[in-house]
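Below is one structure; the comments refer to it alone.
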Amino acid sequence: MNLVNTEHSERMQTRAFVSWLIGATLLALVMRLLFLDRPSFWIDEIYSVMHSARLGEGNITKQFGFLPTYLTLKIAGALPPAGVATDPSTWKSLGVDEWLVRLPSVLIGTATVFILGWLARPVVGARAAIIFAILLAISTWHLHMSQTGRFYTQQLLFFNMSMLLFYHATTTGNKGRLIASMVCLFAAFMSQPPAILLGVVFGIDWIFGFFSRDSKRLTMASVVAGGITAILCAGLLLYDITRNTENWAQFGQTTSQSTPVILAGAIWYMNPVVALVAGTGFLCLIQRNLRLAFYLVLTALVPLLIMAGLALTDSFVHVRYTFVILPAWLLLAAVAFDRISLSLISEYPFFIRNLAFAMIMVVCLYQDIEYYTAGGGYQPAWREAFEELDQIRQPGEVIYGDFHAQNLGAYYLEEDAITKVTSKSLMPFLDEATEPCWIIDKVGTSGGLNWPSLRDRADLIWTYDRHIMQPYSSIKLFKYNPTPVLSE
């Protein structure tokens, strides 16, 4: 059943639909396996291994998100023992590498294309669902997160399964799908707590239903299921916060990215052209299904605007926390392409009707090529920097760096070689140095060092930049030669 009720929408047979869906999924798998281990680790992937090795400890709401990494490392025999979980210098010998840590995200990201494509069919129609699956498969943002050893693809999958199931359930009155939606929302929350923002979308949609007197939305089942889920999520979060207050307090101490960066970054990651087409899709959809149009727009904008608002406070916010909105934007874009194609179906051949979609595919694939090449997988070039440093550093020379450099240096150099410093403590160390030393810094991070001051005191040996518009990707390597003290 198609809830959009578009003409020609159900001409596609199930076998053809599944074939297209499998093709999009295989494309996604190939693209996500391609150059998987080329980018260096970044700091959060190191944390993924640490938390996976100590699964069961710490916050309850942080366990499920690390379960895929735990299982992968465990099956591969590369899971660090709890005793060395915080010592990355031992991990290489155990078999921990970039490919293995990122594999769970690859598999979940690939499965997402098929699952969300399948669930989108009764909501937007078969043709639009296929277009959506293809867009998701070639989306650079989804590709990037699928090649990142974190929980974001898992969160996105359950978040958007819940979103699609909830719409279908409250449009048809299907209690089974309503319960499944709440289960998926809880799974998304347990993957990463900010997923609870989908509950805000559900609440606004329910209020709209109240004013429009929509009996299928205003059911006791929806109140009970939503209430239980909200209480369960809020209770677990409150328990974690009160039990580990200091751990959660760190998220209220610094702002990682500003509001303009959050807003512009989300549009840039999803591709500005796709965002424009999504706007067209909203205008197309609003004429045919007012509720679905606003429902998708709410899903696309509410989490983004809340995160942008939090960036104005003392909260730790990053554009990657808005990743879950991507499918809503792509669904709107898919509706636009579907309507454009259908409007020309009686006048032009297949190629002409789908020329606009083909052009967007070229734009997205070009962005993917940039991601693979000049973008370096959107990860800082830690491996290259430490390889260079390992070759030119003399025995006994001290290396200074922030906590990023300390952990990543331990992994790549296979020794605890980095002396951890901050922007304030570095200069006193240099003042007291009597031998040459090195400073490695990831420019732009909240824990980064004061490299503008460094360039006046130390020699810039090399800059490891990513040659595209990618924030905080520059790593600078300095050598400090203290001025010799002249004897009288």
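The shown structure was predicted, so the numbers you read here are calculated from the model rather than taken from an experiment. Atoms considered below: every heavy atom in the structure, side chains included; atoms not considered: hydrogens, waters and symmetry mates.
- The closest donor-acceptor contact from the side chain of Ser48 to the backbone of Asp44 lies under 3.5 Å.
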**OP:** May I have the step-by-step check of side-chain contact (heavy atoms from CB on, under 4.5 Å) for Met427 and Leu430, ending in yes or no?
**Re:** CA-CA 5 Å; Met427 295 307 166; Leu430 298 185; 4.0 Å; yes

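- Between Phe202 and Phe166, the ring planes lie parallel to each other; the angle is under 30°, not in the 30° to 60° tilted range.
- For the atom pair Ile196 CD1 and Phe189 CZ, the distance stands at 6.0 Å (nearest 0.5 Å).
- Nearest heavy atoms, Gly65 versus Phe151: O-CB, 3.6 Å.
- A distance of 5.0 Å separates CG in Leu197 from CE in Met307, rounded to the nearest 0.5 Å.
- When each of Tyr411, Phe386, Trp99 is tested with Phe41 by the rule ring-ring contact (aromatic ring centres under 6.0 Å, His included), just one qualifies, namely Tyr411.
- Atom CG of residue Asn271 and atom OG1 of residue Thr140 lie 6.5 Å apart, to the nearest 0.5 angstrom.
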**OP:** Go through the steps to decide whether Leu67 and Tyr70 satisfy the test side-chain contact (heavy atoms from CB on, under 4.5 Å), and finish with yes or no.
**Re:** CA-CA 5 Å; Leu67 184 60; Tyr70 168 84; 4.2 Å; yes

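- The backbone N or O of Val324 sits less than 3.5 Å from a side-chain atom of Asn160, completing a donor-acceptor pair.
- Without hydrogens or angle criteria, Gln63 side chain to Gly56 main chain gives a donor-acceptor distance under 3.5 Å.
- Tyr480 OH: more than 12 foreign heavy atoms inside a 6.0 Å radius.
- When atom types are taken as modelled, the side chain of Ser146 and the backbone of His142 share a donor-acceptor pair closer than 3.5 angstrom.
- Under the 30°/60° scheme for interplanar angles, the aromatic rings of Trp268 and Tyr378 are found to be tilted.
- A donor-acceptor pair under 3.5 Å is absent between the side-chain atoms of Trp141 and the main chain of Met270, judged by distance alone.
- Contact detail for Cys364 and Ile138: the closest heavy-atom pair is CB-CD1, 3.8 Å.
- Looking at every heavy atom in both residues, Ser139 comes nearest to Arg32 through O-NH2, 4.3 Å.
- A side-chain donor-acceptor contact under 3.5 Å links Glu384 and Ser40.
- Across all their heavy atoms, Ala24 and Ala137 have their closest contact at O-CB, 3.5 Å.
- Of the possible polar contacts, none joining the Asn59 side chain to the Thr61 backbone as a donor-acceptor pair under 3.5 Å is found.
- For the pair Glu388 (side chain) and Ala385 (backbone), a donor-acceptor distance under 3.5 Å is absent.
- Relative ring orientation between Phe316 and Tyr321 is described as tilted, the plane-to-plane angle lying within the 30° to 60° band.
- In terms of modelled atom types and a separation under 3.5 Å, the side chain of Ser181 and the main chain of Ser162 share a donor-acceptor contact.
- Legend: side-chain hydrogen bond (donor to acceptor under 3.5 Å, both in side chains) pairs involving residues 105-119, not counting sequence neighbours: none detected.
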**OP:** May I have the step-by-step check of side-chain contact (heavy atoms from CB on, under 4.5 Å) for Val183 and Leu165, ending in yes or no?
**Re:** CA-CA 10 Å; Val183 171; Leu165 287 167; over 6 Å; no

Original post:
Can you check side-chain contact (heavy atoms from CB on, under 4.5 Å) on Met359 and Val362, steps first, answer last?
Top reply: CA-CA 5 Å; Met359 293 174 65; Val362 171; 5.6 Å; no

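- The minimum heavy-atom distance linking Ile60 with Arg243 is given by the pair N-NH2, 3.8 Å.
- Among residues two or more places apart in sequence or in another chain, the side-chain contact (heavy atoms from CB on, under 4.5 Å) test is passed with Leu305 by Leu263, Leu301.
- When the shell of 6.0 Å around CZ of Arg54 is examined, it contains 12 or fewer heavy atoms from other residues, nucleotides or ligands.
- A side-chain hydrogen bond (donor to acceptor under 3.5 Å, both in side chains) with Glu98 holds for exactly one of Arg383, Gln379, Arg38, Gln147; it is Arg383.
- Aromatic ring centres of Phe323 and Tyr152 lie farther apart than the 6.0 Å criterion allows.
- Heavy-atom contacts from other residues, nucleotides or ligands closer than 6.0 Å to NZ of Lys74 number 12 or fewer.
- The number of heavy-atom neighbours closer than 6.0 Å to OH of Tyr47, taken from other residues, nucleotides and ligands shown, is above 12.
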Only distances under 3.5 Å count here; give the side-chain donor-acceptor pairs of residues 75-85 to other protein atoms, sequence neighbours excluded, each with its distance to 0.1 Å.
none

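- Closest approach of Ile418 and Tyr400 over heavy atoms only: CG2-C, 4.1 Å.
- Between the Glu397 side chain and the Trp438 main chain, no donor and acceptor come within less than 3.5 Å of each other.
- Proximity of Leu156 to Leu116: side-chain heavy atoms (C-beta onward) are separated by under 4.5 Å at one or more points.
- Here the options are Gln154, Gln155, Lys62, the test is side-chain hydrogen bond (donor to acceptor under 3.5 Å, both in side chains), and the partner is Ser191; only Gln154 passes.
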